[in-house]
2 protein chains.
Amino acid sequence: MILSNAEENYLKAIYALNLLGKERVNNQAIADKLTINPASVTDMVRKLDEKKLISYSRSEGARLTREGLRIASKTVRKHRLWETFLVEKLNFTWDEVHDVAEQLEHIQSDKLLDEIDKLLGHPKFDPHGDPIPDANGKMTRIHSTPLSEIKEGSKVKVVSVGDNSAAFLRYLDKQGISLNGILVVKEIQSFDQSLLVEIKGKKEVFLSTEACKKIFVV
Amino acid sequence: MILSNAEENYLKAIYALNLLGKERVNNQAIADKLTINPASVTDMVRKLDEKKLISYSRSEGARLTREGLRIASKTVRKHRLWETFLVEKLNFTWDEVHDVAEQLEHIQSDKLLDEIDKLLGHPKFDPHGDPIPDANGKMTRIHSTPLSEIKEGSKVKVVSVGDNSAAFLRYLDKQGISLNGILVVKEIQSFDQSLLVEIKGKKEVFLSTEACKKIFVV
DNA sequence: TATCAAATTTAGGCAAAGCTAAATATTTGA
DNA sequence: TCAAATATTTAGCTTTGCCTAAATTTGATA
Ligand SMILES: [Mn+2]
Ligand SMILES: [Mn+2]
Ligand SMILES: [Mn+2]
Ligand SMILES: [Mn+2]
C-alpha cells in the first residue's frame, strides 16, 4: 500500500506520542504535534482507521495497528538514516539535517533504504542521539535522564537532545555542548534552577532550566 | 519561489520538448509527455504563465521564461545527479534509477545538491549517457546519431540511450549493449532494416529497428 | 448534580491537480 | 473553399488535505 506524505506523517506522530508513554493518543495531541487543526485530524484518523493502519474510537483515541506500526517505524528509520547519511557523508551539521530528512523520509525505495543503511554500516543512532529502528522496527533504548534532574557534582555524558530545531542545536554548539560530551554539574542556582556546568576540560557555562530539560545524559 | 512537484514536472517536460527541437511547445505535446489530459494542461500552463515561469498563448504555445528555464534545468540536474549517485555509490543498475530519481529530483535543498555533485566529482553525464547541466544550466552537448542511421560496416561507440524504461535497459543488458561499448554494424537486413551488430570482440546480435532508433552512437 | 472547560465532531469551504464530455478553434487537404 | 481532423478550451466533477465556525460530547469540579 502506498501512502501519502500526510498519512505517513500522521502515523509517525502517533508513533512518537506512543513512545512518550501515551498509549492512547487523542486527536488534540496529534493536532498539536503536527500543528494541524483538530477538525482535520478527525477526518484523517477516520481514514487511517478505515485503512486499518490505526484503530480509532472517540473514547480510546488512536492506536497503531501492527501494519501502522510497521509503516511508522519504517518512516522513522528512513528519517534517521537520512539524517545520519547527511552528517556522515555529505558534510551537514546536526542543525541542518532535520528539514531535509522530513522530505527524504517519504521517498519510496526499499533498495535505497537498504543501501544507505549498508553504506553507513548499520548505525544505531542518528546525529541527535536518537535510536534508529532496524528493519524489524526494533531499536536500542537508552535510559537517559534530562540534565535538569542531575544532582550537583555529578559527571555525566550527553547522549541525546530532545529538540531538533536548528535554533536549539546552534545554541548548544555555541555553548560547546555536543553528543558524547562529558559534563560536570558544578552548581545548581537555587533561585531559578539553572545550571553552572563544566564542559570536560574546556570551560564553564550557564544553562537555563529550559535547555537542561532538553539535554539527555547518562 | 517554492514549486509543487507537478509544476516542476511540467517545466521539465517543456524543457525536454524544447531540447528535442520544438521551441514552441503545444499543449498536446505536454499532455502526451506527461500522460495527462489536455484539459488539465490548459489549466496548468495558464498558472505557469501567471507565475511567469512560461509564456503561453494559444497560437504560440508554451515557452520557458528565463526563470522557468533555470528551474527546469535545475530539476534535470537533480534528476541526473541522483541517478549517477545511485549507480556510483549505492549499487543501483541503470534500469533501477529512473523512478527513484523522479521522486528525489523534487527534494528542496541546495546544499544537498551541491554536496552530491561534489561527492561524485562533478560528473558530466548520467548513467544513460545524458548530459548533466551544471549549476548555471549549461551542459555538454554530444552530436550523436541513432544506430538506425549508421552505415553498414561502420564501427561506433554507444554514448546514450533514448529510453530510460527498465524494460528497454534490461533488454540492452541482455543483448550485451552498454554505454561506451564498441559496436560494428555487420549487416542491415534489407526487408525490415533490423541490424546484425558485432559487440566488440564478444558476440553478434540482431537488433530491431525500434531498438536501434533508441541507441545513440558516435 | 449542575456547570464550565476541553475535546471532538459537523458543516461548509478552499486550493491543487487531476478527470470526462461537450463546445470551439484551428489546420489541413480534397 | 469547405469539410474533416486535430487541438484547445469550457463546464462540471472528484479526491486529498487542509481550514473556520458552530455544534455537541465528555469530563472535571464546585
Ligand atoms: Mn529529525
Ligand atoms: Mn534526529
Ligand atoms: Mn531518468
Ligand atoms: Mn538518466
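Quick note: numbers below take in every heavy atom, side chains included, and nothing from hydrogens, waters or symmetry partners. The sequence lines fix the lettering, A, B, ..., with proteins before strands; numbering per chain opens at 1.
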N/O donor-acceptor pairs under 3.5 Å from side chains in residues 61-72 of chain A, not counting sequence neighbours:
unit_1  : atom_1 : unit_2  : atom_2 : d
A:Arg63 : NH2    : A:Glu23 : OE1    : 2.3
A:Thr65 : OG1    : A:Lys52 : O      : 2.8
A:Thr65 : OG1    : A:Leu53 : O      : 3.0
A:Thr65 : OG1    : A:Glu67 : N      : 3.4
A:Thr65 : OG1    : A:Gly68 : N      : 3.0
A:Glu67 : OE1    : A:Arg70 : NE     : 3.0
A:Glu67 : OE2    : A:Arg70 : NH2    : 3.0

Within the 4.0 Å limit for protein heavy atoms, which parts of nucleotides 18-25 of chain C are touched? Write it as a string from 5' to 3', B for base, S for sugar-phosphate only, - for none. SBBB---S

Is the phosphate of C:dT10 approached by A:Thr42 (side-chain N or O, under 4.0 Å from OP1 or OP2)? no

Which residues, if any, of residues 13-28 of chain B bring a heavy atom under 4.0 Å of DNA chain D? B:Asn26, B:Asn27, B:Gln28

Base, sugar-phosphate alone, or nothing: which one does A:Ser59 contact when heavy atoms must sit under 4.0 Å apart? nothing

Take atom [atom1] of [X] and atom [atom2] of [N], then tell me their distance rounded to the nearest Å.
X: A:Asn9; N: D:dG17; atom1: CG; atom2: C1'; answer: 12 Å
X: A:Leu11; N: D:dG17; atom1: CG; atom2: P; answer: 12 Å
X: A:Asp49; N: C:dT8; atom1: CG; atom2: P; answer: 15 Å
X: A:Asn5; N: D:dT15; atom1: CG; atom2: C1'; answer: 16 Å
X: A:Glu60; N: C:dT8; atom1: CD; atom2: C1'; answer: 16 Å
X: B:Ile2; N: C:dA16; atom1: CD1; atom2: C1'; answer: 16 Å
X: B:Leu3; N: C:dA15; atom1: CG; atom2: C1'; answer: 16 Å
X: A:Arg46; N: C:dT10; atom1: CZ; atom2: P; answer: 5 Å

With side chains defined as the heavy atoms from C-beta onward, is the minimum distance between A:Trp94 and A:Val161 less than 4.5 Å? yes

Derivation of the side-chain hydrogen bond (donor to acceptor under 3.5 Å, both in side chains) call for B:His98 and B:His128: CA-CA 10 Å; B:His98 182 77; B:His128 309 108; 5.9 Å; no

Can you run down the side-chain hydrogen bond (donor to acceptor under 3.5 Å, both in side chains) pairs that involve residues 7-22 of chain B, sequence neighbours left out, and say none if there aren't any? B:Ser4-B:Glu7, B:Glu7-B:Lys47, B:Glu7-B:Lys51, B:Glu8-B:His106, B:Asn9-B:His106, B:Lys12-B:Glu102, B:Lys12-B:Glu105

Using modelled atom types and a 3.5 Å cut-off, is there a donor and acceptor pairing between side-chain atoms of B:Glu96 and backbone atoms of B:Thr93? yes

Any pair counted as salt bridge (charged side-chain N to carboxylate O under 4.0 Å, His left out), so long as it reaches residues 129-151 of chain B, sequence neighbours left out: none

Name all pairs fulfilling the salt bridge (charged side-chain N to carboxylate O under 4.0 Å, His left out) condition that reach into residues 84-95 of chain A, sequence neighbours left out, sorted by first residue then second. A:Asp95-A:Arg170

Ion pair present between A:Lys78 and A:Asp117, side-chain N to carboxylate O less than 4.0 angstrom? no

Criterion side-chain hydrogen bond (donor to acceptor under 3.5 Å, both in side chains) on A:Asp99 and A:Gln103, from CA distance to verdict: CA-CA 7 Å; A:Asp99 292 347; A:Gln103 301 177 62; over 6 Å; no

